[in-house]
Number of protein chains: 2
Amino acid sequence: MPTPSSSSTKNSCNSLDFERPSTTVDVVMFAVRDGRLHVLLVKRADTPGEPFPGQWALPGGYIDVLKDEDLEACALRKLKEKTGVVSPYLEQLGSWGSKTRDPRGWHSTHAYFALLPTASVITPVSGANASEADWIPIVGKGVSHKLAFDHQTILEAAVARLRNKVEYTSLPAFLLPETFTLSELQTAFETVLGRELDKSSFRKRVEDAELVVALKNKFREGSNRPAQIYKLRSKTAPVFFPRAIGDSKSRAAK
Amino acid sequence: MPTPSSSSTKNSCNSLDFERPSTTVDVVMFAVRDGRLHVLLVKRADTPGEPFPGQWALPGGYIDVLKDEDLEACALRKLKEKTGVVSPYLEQLGSWGSKTRDPRGWHSTHAYFALLPTASVITPVSGANASEADWIPIVGKGVSHKLAFDHQTILEAAVARLRNKVEYTSLPAFLLPETFTLSELQTAFETVLGRELDKSSFRKRVEDAELVVALKNKFREGSNRPAQIYKLRSKTAPVFFPRAIGDSKSRAAK
DNA sequence: AAAATAGTGTCTCTTAGACACTATTCC
DNA sequence: GGAATAGTGTCTAAGAGACACTATTTT
């Protein structure tokens, strides 16, 4: 077991002198487009020498020890670079690290997942050195492209986590614009869950959880009865419902 | 933003040539001793130059790129080194990384948490270079010692996660020996939860979840009616209950 | 028989789902 | 009035808690 204070000399990236794994941060960014859940992917540069050239991957990359104060700041930086969004819902997903997941050697990545409001979905920014970025629809457990590294695994974990948490939290609310109607909120839940919900019990649930606040005299007009417009009571913290939304159906594991 | 393929030359730990953070793995090991929840801590070496000399810390350390296939293998290695236990319940907790959490520079750690069966708690192994190790009781949100690095934060996250998951999973079962009675199982839940449970509803819950299997003609004898002895149906996977154990009481956040 | 713990049954309360119902707008 | 969506009320079923009850052992 290597100890940082040993004084064998091999190479020195800083005060520690033994072979160390490299560290990255990847972000799974979700948004709803055309009533379907999408994830933002980037196409890797087609440079020879780069691993997985030209393949789709999660946006992410190496931590910049000068720019990034901490892991979350690094994730937020990558988010802003790709989408321009400054403060979306962001949650740590997990980490993956092994000898083999990157052909360049021992790598570990800290994965985050983010929920972006519909409004911000318009422009996939093809940033500085990212050759291409696009919103790809979620199909089944993940995406129908083959992804670089172990990004398929990470994406599947993110989709599973999101679907699981929808059962007992208000996460889909972060996929909507600032203001919305209850029907729109319900549709967001249904989009993520992949099944329809009963209107009456959904509304009771939302009401009891005090998730939203009605905006006085604000209504969504259409060719029918206008709908009350709401906003979230808390723009950042999700609400935890006391029971799963499927109740009698058992909650999925992990 | 640094790119791995840039060819400025600064130093070279492997093929990547820019300043990189260091990576560790820490493990929060829980066990029940004398009816109370404990965590295994180690005392850091009292060597000058080492950060936090002589202070209590979570067991863990640098990834060994030669020995460790992946993050989980690294966590299991550290677990075995400290306790001798080979396959406990092990779950990824999260990761913490920042410029400031280690005085030696940008560090990130992958934290795991483990539940150890009572049987394995007897011997805190003071391994090779670990100067001292001991089981410390959980008090409130964490432990009453001051811990090295941000280990207090990590420990508190582990305690919170454990307490939260007890509400809807069978995690405390992994704190018991192979076989146990339902009363012992209930006590394990109560120890972690920090509150008493109703016997009847607890047993219904366990029964409905098909968590345990009765051992034919095995009974725990005492100065009273003997109790049926059970074992877990699955020694590794926790069971997820359809509802929180507190039900009407709301589940804690995160 | 008493003590002690194991194990069960009954009642009530809460909440989710099903589903029918009413309400309000535009055409 | 009809179409369309918003919003509400009523009934039922399932599961959790409270708590009293029975069961089986040792002393």
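Each chain gets a letter, A, B and so on, in the order the sequences are listed, and its residues count up from 1. A quick note: this is a predicted structure, and the numbers were derived from the prediction, not measured.
The side chain of A:R243 approaches C:dT15 more closely than any other nucleotide in the set C:dG7, C:dT15, D:dG17. In this structure, of D:dG17, C:dA16, D:dA6, it is D:dA6 that holds the atom nearest to the side chain of A:R203. Proximity note for A:A227 (side chain, C-beta onward) versus C:dA18, D:dA6, C:dA6: the nearest is D:dA6. In the set D:dT25, C:dG17, C:dT5, the nucleotide with an atom closest to the side chain of A:K204 is C:dG17. If you check C:dC26, C:dA6, D:dT8 against the side chain of B:K199, the one that comes closest is C:dA6.
A straight line from CZ of A:R220 to C1' of C:dC26 spans 17 Å, rounded to a whole angstrom. C:dA16 atom P lies 12 Å from atom CZ of A:F202, rounded to whole Å. Computed from coordinates, the A:E207 CD to C:dT15 P distance equals 13 Å when rounded to whole Å. If you measure from atom CZ of A:F180 to atom C1' of D:dT5, you get 18 Å, rounded to the nearest angstrom. C:dG17 atom P lies 12 Å from atom CZ of A:F189, rounded to whole Å.
At a threshold of 4.0 angstrom between heavy atoms, the contacts of A:T181 with the nucleic acid are absent. Counting non-hydrogen atoms under 4.0 angstrom, B:Q228 reaches the backbone sugars and phosphates but no base.
Between A:I154 and A:V28, some side-chain heavy-atom pair lies under the 4.5 Å cut-off.
For the pair A:R225 and A:S200, both in contact range of DNA chain D, the more 5′-proximal nearest nucleotide belongs to A:R225. Heavy-atom distances to DNA chain C give each of A:E221 and B:D198 a nearest nucleotide, and the one nearer the 5′ end belongs to B:D198.
Geometrically, B:R205 engages B:F241 in a cation-pi contact defined by less than 6.0 Å to the ring centre and at most 45° from the axis.
Judged purely by atom type and a 3.5 angstrom limit, B:S98 has no side-chain atom pairing as donor or acceptor with the backbone of A:D70.
No hydrogens or angles considered: nothing links the side chains of A:Q228 and A:Y230 as a donor-acceptor pair under 3.5 Å.
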